[in-house]
There are 2 protein chains.
Amino acid sequence: MTIDFRNAAEELIQHNGGRATAGRIGILAILLAEQHAITHREIEHRLPESLPLDRVTLYRALEWLVEKNLIHKVTSDDRVWRYHANREVHAHRHAHFKCTRCAQVICLDDLPEKRNWHLPAGYRFQEIELTVKGLCADCC
Amino acid sequence: MTIDFRNAAEELIQHNGGRATAGRIGILAILLAEQHAITHREIEHRLPESLPLDRVTLYRALEWLVEKNLIHKVTSDDRVWRYHANREVHAHRHAHFKCTRCAQVICLDDLPEKRNWHLPAGYRFQEIELTVKGLCADCC
DNA sequence: ACAATAAACGCAACTTTGTTGCATTTTCCA
DNA sequence: TGGAAAATGCAACAAAGTTGCGTTTATTGT
Ligand SMILES: [Mn+2]
Ligand SMILES: [Mn+2]
Ligand SMILES: [Zn+2]
Ligand SMILES: [Zn+2]
């Protein structure tokens with residue numbers, strides 16, 4: 001139910017010391033309700049007519065939500081960020097899957113934990129970013 | 001020596017049924033001489049004054065070189081493609097490393113070959129794209 | 001309830017990266 | 001060496017995202 005996501009969103013925002021504005025609540029509720037990682041454009045599309053929101057405000061709200069660790073953003077080969085709520089299941093680092101036909105992005109659960117990526121001498125490991133590409137069930 | 005790379009570049013281009021124009025030879029020679037994956041901008045910068053080349057021509061030449069499998073391009077989180085010559089060592093799929101401070105990108109040799117990324121039912125695996133992030137030796 | 005204040009917003013302009021259409025030039029081969 | 005196909009240059013366009021700044025709004029203390 002949408003109202004539940006809105007309540008959850010509002011609480012999460014306030015718990016992080018931010019102002020619970022209509023825009024932020026709406027955006028986070030959309031991301032909480034969505035199981036795929038979606039683009040700025042797609043979020044804009046899903047916003048109700050009752051909640052007009054400037055492009056820039058949307059960008060800034062997303063930036064804030066990422067900072068506060070309420071959502072994460074995914075790099076893609078089409079040069080478009082995709083955003084997804086941080087759920088417990090996907091608590092930390094995880095890989096992503098991107099359909100090469102419909103561009104849909106989902107979060108996977110694994111990530112190769114081994115840090116012995118034998119980097120050149122003097123290099124320091126920080127994190128891994130991994131995308132599995134293929135066809136989703138709809139596009140197969 | 002630059003001249004060697006130019007000769008190699010010319011031969012590679014002709015072996016692939018393409019016209020060995022000054023632009024293509026110059027671009028491929030630059031990429032053969034470079035051990036890092038570099039951006040369109042960086043390639044433009046490295047072009048000698050004696051070889052002025054339009055932005056668009058550079059883009060199209062890079063596209064052609066990728067098609068012919070003479071170079072590969074790397075996705076990055078800064079929305080900028082980076083290009084690198086295909087050497088035997090890095091023959092096919094491989095991971096990349098990107099410095100989070102200076103944005104330098106190098107090619108790594110490994111890639112987790114296991115395809116059991118237990119994707120959702122009905123999904124089909126195609127390929128993996130993996131970037132290790134961290135600090136390079138200069139930035140540590 | 002209400003005013004003060006800092007945070008968030010909206011708008012316009014800008015930047016960066018990459019693409020497209022089309023006329024002109026160049027390469028290659030017969 | 002001339003003609004066809006390929007490659008180039010230029011101008012215009014497009015998409016995604018950023019910046020500056022004046023205005024509005026959520027929160028807090030009274
Ligand atoms: Mn994810
Ligand atoms: Mn590489
Ligand atoms: Zn799909
Ligand atoms: Zn570095």
Side-chain angles (χ1 to χ4, degrees), chain A residues 6-7 9-29 37-45 47-68 70-71 73-83 98 103 105, chain B residues 6 9-29 37-45 47-68 70-83 98 103 105:
Chain A
R6 291 186 57 85
N7 287 339
E10 184 165 6
E11 195 170 335
L12 285 166
I13 291 164
Q14 284 170 335
H15 273 219
N16 276 273
R19 292 194 179 172
T21 65
R24 280 184 183 168
I25 295 170
I27 292 166
L28 185 50
I38 57 179
T39 64
H40 175 275
R41 266 282 175 80
E42 291 169 319
I43 297 169
E44 207 171 18
H45 240 237
L47 284 168
E49 298 214 359
S50 57
L51 177 58
L53 204 58
D54 189 76
R55 276 171 10 90
V56 176
T57 304
L58 178 45
Y59 275 117
R60 293 201 264 232
L62 289 168
E63 195 181 19
W64 184 86
L65 290 167
V66 169
E67 266 171 27
K68 295 304 179 185
L70 295 175
I71 65 176
K73 70 181 187 183
V74 185
T75 302
S76 173
D77 53 9
D78 56 10
R79 313 180 350 109
V80 181
W81 299 110
R82 283 176 178 74
Y83 301 86
K98 178 163 181 228
V105 171
Chain B
R6 291 186 57 86
E10 184 166 5
E11 195 171 336
L12 284 167
I13 290 165
Q14 283 170 337
H15 273 218
N16 277 272
R19 292 190 178 174
T21 64
R24 280 185 183 167
I25 295 170
I27 293 166
L28 184 51
I38 56 179
T39 64
H40 176 275
R41 268 282 174 80
E42 292 169 319
I43 297 168
E44 210 172 16
H45 243 233
L47 284 168
E49 296 215 1
S50 57
L51 179 57
L53 205 56
D54 190 75
R55 278 174 5 97
V56 177
T57 304
L58 177 45
Y59 275 117
R60 292 201 264 234
L62 289 169
E63 194 180 18
W64 185 87
L65 291 167
V66 169
E67 267 170 27
K68 295 305 180 184
L70 294 176
I71 65 175
H72 61 278
K73 70 181 187 183
V74 185
T75 302
S76 175
D77 53 8
D78 57 9
R79 314 182 350 109
V80 181
W81 298 111
R82 284 176 177 74
Y83 301 86
K98 178 164 181 228
V105 172

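Labels below follow one simple rule: chain letters A, B, ... track the order of the sequence lines, proteins then strands, and each chain is numbered from 1.
- What separates CG of Leu58(B) from P of dT8(D) is a distance of 10 Å, to the nearest Å.
- Here the C1' atom of nucleotide dG17(D) and the CZ atom of Arg82(A) are 15 Å apart, to the nearest Å.
- Under 4.0 angstrom from either OP1 or OP2 of dT8(D) there lies at least one side-chain N or O belonging to Thr21(B).
- In this structure, Leu58(A) CG and Arg24(A) CZ are separated by 12.0 Å, a value rounded to the nearest 0.5 Å.
- Distance check: Leu70(A) CG to Leu62(A) CG gives 11.5 Å after rounding to the nearest 0.5 Å.
- Residue Val56(B) has its side chain nearest to dT19(C) when only dC28(C), dT19(C), dG18(C) are considered.
- Listed nucleotides dA7(C), dG10(C), dA5(D) differ in distance to Arg19(A); the shortest reach to its side chain belongs to dA7(C).
- For the pair Gln14(B) and Trp64(A), both in contact range of DNA chain C, the more 5′-proximal nearest nucleotide belongs to Trp64(A).
- Here dA7(D) presents its C1' atom at 11 Å from CD1 of Ile27(B), a figure rounded to the nearest Å.
- No N or O donor and acceptor, one from the side chain of Arg55(B) and one from the base of dG9(D), sit under 3.5 Å apart.
- Nearest heavy-atom pair, Gly26(B) versus Leu51(B), reported as atom, atom and distance to 0.1 Å: CA-CD2, 4.1 Å.
- Put simply, Thr57(A) has no side-chain N or O that comes within less than 4.0 Å of OP1 or OP2 on dA8(C).
- When rounded to the nearest whole Å, the span between CD of Glu63(B) and C1' of dT17(C) equals 14 Å.
- Using a 4.0 Å heavy-atom criterion, one finds that Ala61(A) contacts no nucleic acid atom at all.
- Evaluation of atom-type donor-acceptor distances gives no pair under 3.5 Å for the side chain of Arg79(A) against the base of dA15(D).
- The distance from atom CD of Glu44(A) to atom P of dC9(C) is 14 Å, rounded to the nearest whole Å.
- Remark: Arg60(B) is not in phosphate contact with dT8(D), judged by side-chain N or O atoms under 4.0 Å from OP1 or OP2.
- Nearest-nucleotide assignment on DNA chain C puts the 5′-proximal partner with Val80(B), out of Ala20(B) and Val80(B).
- Of all the heavy atoms in Ala20(A) and Ile25(A), the pair that sits closest is O-CD1, 3.7 Å.
- Formation of a donor-acceptor pair under 3.5 Å by the Glu42(B) side chain with backbone atoms of Thr39(B) is found in this model.
- A straight line from CG of Asp77(B) to C1' of dG17(D) spans 14 Å, rounded to a whole angstrom.
- At least one side-chain nitrogen or oxygen of Arg24(A) sits closer than 4.0 Å to the OP1 or OP2 atom of dA8(C).
- Contact annotation: Trp81(A) reaches the phosphate of dG17(D) (side-chain N/O to OP1 or OP2, under 4.0 Å).
- For Ile13(A) and dT27(D), the CD1 to C1' distance is 15 Å, given to the nearest whole Å.
- Atom-to-atom, OH of Tyr59(A) to P of dA16(D) comes out at 7 Å; the value is rounded to the nearest Å.
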